[in-house]
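All residue numbers refer to positions in the sequence shown, counting from 1.
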Amino acid sequence: MGLLSGLLGNASEVDSDDLDKVLGDCLIDGEEIQKAYKVIRDMFVFTNKRLILIDKQGVTGSKVELLSIPYSKITKFSKESAGHFDLDAELKIWIGSELEPLTKEFKAGDNINDVYKILSQFVL
C-alpha cells in the first residue's frame, strides 16, 4: 500500500499470511478468509462466515479490537465506482438497525467488485 494512499484512508488488499498474526485463534473450524483490506492500521476481513473489523489502537498498535459481524446482520450494501475525477471507489454496509452505514474507501487499483461479490454471495 502506498503511504499517500494509506494516509488518505484508501483501502488496499492484505495478504492472508499477514492476517495469521492478527487473527490467531479467532477463526472457527471451517471458516476461511475470502478477502482482507487494510486502511492505514485497521483492517476488515471477509470470511465465509462473517465480516471481521480489526481496529488497532494506541501509538504502537499493540492493542487490537476485533468486531465480528455475521452476514445475517447486514441489511444492505452498496458500491460507488471510481470516476474520471474521483479516483476512489466507496463501499457502504448497513448493519442491523443502524441508520449510518459502515463506509470504506478503495483506491482505484483495488477491485471493489470482488468485495461486492463476496457480500452478495454471503448476504443474499
Q. Hey, what do you get for CG (Leu23) to CD1 (Ile33), rounding to the nearest 0.5 Å?
A. 5.0 Å

Q: State, yes or no, whether a side-chain contact exists between Leu119 and Phe46 at a heavy-atom distance under 4.5 Å.
A: yes

Q. Atom CG of Leu53 and atom CG of Leu66: how far apart are they, to the nearest 0.5 Å?
A. 9.5 Å

Q. Is the shortest heavy-atom distance from the side chain of Thr47 to the side chain of Glu32 under 4.5 Å?
A. no

Q. To the nearest 0.5 Å, how far apart are CD1 in Ile95 and CD1 in Ile69?
A. 3.0 Å

Q.
Looking at Lys92 and Glu90, is any side-chain nitrogen of the basic one under 4.0 Å from a carboxylate oxygen of the acidic one?
A. yes

(Q) Could you walk me through whether Gln57 and Val64 satisfy the side chain to side chain contact (heavy atoms under 4.5 Å, CB included) test, starting with their C-alpha distance in whole Å, then the side-chain angles of each, then the deciding distance to 0.1 Å, before giving a yes or no? (A) CA-CA 6 Å; Gln57 302 171 357; Val64 178; over 6 Å; no

Q. Taking the side chain from Asn48 and the backbone from Gly30, do they hold a donor-acceptor pair closer than 3.5 Å?
A. yes

Q: Would you mind reporting whether Phe44 and Ile54 have side-chain heavy atoms less than 4.5 Å apart?
A: no

**Q.** Ion pair check, Arg50 and Glu31, cut-off under 4.0 Å
**A.** yes

Q.
I want to check something: taking the side chain as every heavy atom from C-beta on, are Leu91 and Thr103 in contact at a cut-off of under 4.5 Å?
A. no

(Q) Tell me whether Lys79 forms a cation-pi arrangement with Tyr116, defined as NZ or CZ under 6.0 Å from the six-membered ring centre and within 45 degrees of its axis. (A) yes

(Q) To the closest 0.5 Å, what do you measure between CD (Gln34) and NZ (Lys117)? (A) 13.5 Å

Q) Taking atom CZ of Phe122 and atom CG of Leu51, what is their separation to the nearest 0.5 Å? A) 11.5 Å

Q. Does Trp94 share a hydrophobic cluster with Ile74, counting links as ILVMFWY side-chain heavy atoms below 4.5 Å and allowing steps through other members?
A. no

Q | Expected output: side-chain Tyr71 to main-chain Ser120 donor-acceptor under 3.5 Å | A | no

Q: Test Leu67 against Asp55 for side chain to side chain contact (heavy atoms under 4.5 Å, CB included), laying out the working first.
A: CA-CA 8 Å; Leu67 174 65; Asp55 180 15; over 6 Å; no

Q: Check whether any side-chain heavy atom of Ser68 sits under 4.5 Å from a side-chain heavy atom of Ile52, and report yes or no.
A: yes

**Q.** Atom of Asp114, atom of Tyr37 and distance for their closest heavy-atom approach
**A.** CB-OH, 4.5 Å

Q: Find the distance between CE (Met43) and CG (Leu19) and round it off to the nearest 0.5 Å.
A: 5.5 Å

Q: Compare every heavy atom of Thr75 with every heavy atom of Gly96, then report the nearest pair and how far apart it is.
A: O-CG2, 3.3 Å

